[in-house]
Amino acid sequence: MTDHLTRSPISIDALLAQVQSAERGGTCVFLGTVRREDDVTGIDYSAYDEMAISEIKRILDDAHARWAGARVMLQHRLGLVSLGEASIAIAAAAPHREEAFAACRYVIEEVKKRLPVWKKEIHADGTTTWVDPSGKPHRERLPQ
Amino acid sequence: MTDHLTRSPISIDALLAQVQSAERGGTCVFLGTVRREDDVTGIDYSAYDEMAISEIKRILDDAHARWAGARVMLQHRLGLVSLGEASIAIAAAAPHREEAFAACRYVIEEVKKRLPVWKKEIHADGTTTWVDPSGKPHRERLPQ
Amino acid sequence: MANVTVRFFARYAELTGRESAAIVVPGNSATVADVLECVRETIPGARDLPPRPLTAVNLQQVKPDARVRDGDEVALLPPLAGG
Amino acid sequence: MANVTVRFFARYAELTGRESAAIVVPGNSATVADVLECVRETIPGARDLPPRPLTAVNLQQVKPDARVRDGDEVALLPPLAGG
């Protein structure tokens, strides 16, 4: 069983192995990767680990209740994630593609709303910025 | 550059490498796999190769025109594909997840409508059935 | 008069026992429907093709009233099942 | 009276310079809002917390009027940024 939180690069194959089966003809995978923006060189992810794990289990349970034939797995990476690397991966397999897409989309939207995870942008000059997705990032830069 | 049609197992990593970049923070992958149904042991995929390749290029061009920041790749497997193996993979990367999901979904729906590819189900007893998604499969079984 | 290559795929190739045929359609304004008519008359097994199969000319899907020209490749496509 | 553990994360841990604190809230019907008030009064830097931060009790998000009981873990959560 893959951990929901990891400090290592995410393996898509490991996630797929946990959701795919011959009964499920459609699989939808979502990968969230660190995007180039201004002078950001990477993002340091941190979490309230115990709550994040509980919340992920609740989100997956919700998805399995809504789409009974679907199986969904999620892994979120913590620690420093460089530009272009994946911070999150979700794999949803279902008998048909509609449910696979819907379950995968549902899970990423709930993650954004519910997961106690935080991002600290690392800038080229070594300063850092906490990201507040509800508004603009706090531009007050704290020395690292 | 990955071929759009292949007779070997599909490599998701190879597809991802062609669409992901640090400018694209969201990636959506769709995998269509051969689903267990009755006594089907596998599906033999065939295509009008030249037209399928042209049609795939047109579909991807359409997707790139609709979602300007997105990059989408598609690979369809031909020949015998066993239960649980992928017959098609689509990878769509975009600056944000909404476009990645939309572009990926668009491409699989267009593939279903436009791609000159055919499926012959292989049954456990060696008989075969052409699949007609527009209605029921032709149950007249042809000896293999 | 137009010399066209007709291609058969999947179940249609099985029905006709062939993958292609050289067909000559008379007249100066032959259509895909005319080609189909010639195919039915000249190729054994082609009578079992559906009345209006999907068709393509030169790798693009077309309607039966599409014109064909000398050298065109006309394809008869069973119901599409890609993905 | 309730003994609770308060946990601080991300920017809030930086503001207060700590990851957790043992807080005693008076009364028999203390709420998360009461805990927050105690935190503000007793922990340096906690005055800079927003007026209504997201809060969780025992790993579940709650509103400020949620009751706290002896032994609860109360967490103050900066704006969520997962994914």
Side-chain angles (χ1 to χ4, degrees), chain B residues 4-5 10 30-35 43-59 74-78 81 86-90 104-105 107-121 128-138 140-144, chain C residues 2-23 31-33 35-36 39-40 43-83:
Chain B
H4 292 307
L5 301 178
I10 294 173
F30 177 74
L31 301 172
T33 50
V34 174
R35 195 161 73 90
I43 293 183
D44 189 17
Y45 285 84
S46 60
Y48 180 6
D49 290 42
E50 309 93 297
M51 181 174 164
I53 291 167
S54 296
E55 201 67 63
I56 289 170
K57 288 186 203 295
R58 286 190 287 259
I59 291 170
L74 180 170
Q75 200 168 40
H76 202 302
R77 190 165 162 196
L78 299 179
V81 183
S87 55
I88 189 168
I90 298 163
C104 190
R105 186 68 192 263
V107 168
I108 183 61
E109 298 305 327
E110 292 302 304
V111 159
K112 296 274 175 186
K113 279 187 254 176
R114 293 160 60 175
L115 215 60
V117 168
W118 299 281
K119 301 203 245 201
K120 188 159 70 171
E121 293 179 342
T128 62
T129 314
W130 288 105
V131 177
D132 178 357
S134 65
K136 288 289 123 204
H138 294 262
E140 27 134 358
R141 292 185 174 190
L142 308 165
Q144 206 174 7
Chain C
N3 288 277
V4 301
T5 303
V6 177
R7 294 186 63 181
F8 305 93
F9 292 94
R11 203 170 86 91
Y12 298 170
E14 285 186 357
L15 286 176
T16 59
R18 57 203 301 167
E19 297 191 334
S20 69
I23 294 284
T31 65
V32 167
V35 172
L36 203 54
V39 166
R40 277 187 223 286
I43 296 178
R47 286 268 156 222
D48 294 331
L49 291 171
R52 278 179 63 123
L54 291 178
T55 49
V57 171
N58 300 337
L59 313 184
Q60 301 241 31
Q61 269 199 64
V62 294
K63 300 228 162 80
D65 61 358
R67 292 280 293 277
V68 294
R69 285 169 189 79
D70 212 45
D72 280 353
E73 176 168 294
V74 178
L76 307 188
L77 313 174
L80 307 185

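Hydrogens, waters and symmetry mates are skipped; everything else that's a heavy atom, side chains included, is used. These numbers were taken from a predicted model, which means no experiment stands behind them. We name chains A, B, ... by the order of the sequence lines, and we start the count at 1 in each one.
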When the side chains of residues 76-83 of chain C are checked against the rest of the protein, which donor-acceptor pairs come out under 3.5 Å, sequence neighbours left out?
none

Is there a side chain to side chain contact (heavy atoms under 4.5 Å, CB included) between Asp49(B) and Leu78(B) once you walk through the steps? CA-CA 10 Å; Asp49(B) 290 42; Leu78(B) 299 179; 4.1 Å; yes
Evaluate the side chain to side chain contact (heavy atoms under 4.5 Å, CB included) criterion for residues Lys120(B) and Trp130(B): first the C-alpha distance (whole Å), next the side-chain angles of each, then the deciding distance (0.1 Å), finally the verdict. CA-CA 4 Å; Lys120(B) 188 159 70 171; Trp130(B) 288 105; 3.6 Å; yes
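In this view, Tyr48(B) and Phe9(C) satisfy the ring pair (Phe, Tyr, Trp, His ring centres under 6.0 Å) rule, not counting sequence neighbours.
Looking at Arg77(B), neither its backbone nor its side chain comes within 4.5 Å of chain C, counting heavy atoms on both sides. When heavy atoms are compared at a cutoff of 4.5 Å, Tyr45(B) approaches chain C solely by way of its side chain, counted from C-beta outward. Of the atoms belonging to Ala47(B), it is backbone heavy atoms, and not side-chain ones, that fall under 4.5 Å from chain C.
Scanning residues 44-59 of chain C against chain B with a 4.5 Å heavy-atom cutoff picks out Ala56(C), Leu59(C), ordered by number.
In this structure, Arg11(C) does not pair ionically with Glu14(C), as no charged nitrogen and carboxylate oxygen lie closer than 4.0 Å. Salt-bridge check for Glu110(B) with Lys113(B): passed, with a basic side-chain N closer than 4.0 Å to an acidic carboxylate O.
Applying the salt bridge (Lys or Arg N to Asp or Glu O under 4.0 Å) rule to pairs touching residues 68-83 of chain C yields Arg7(C)-Glu73(C), sequence neighbours excluded.
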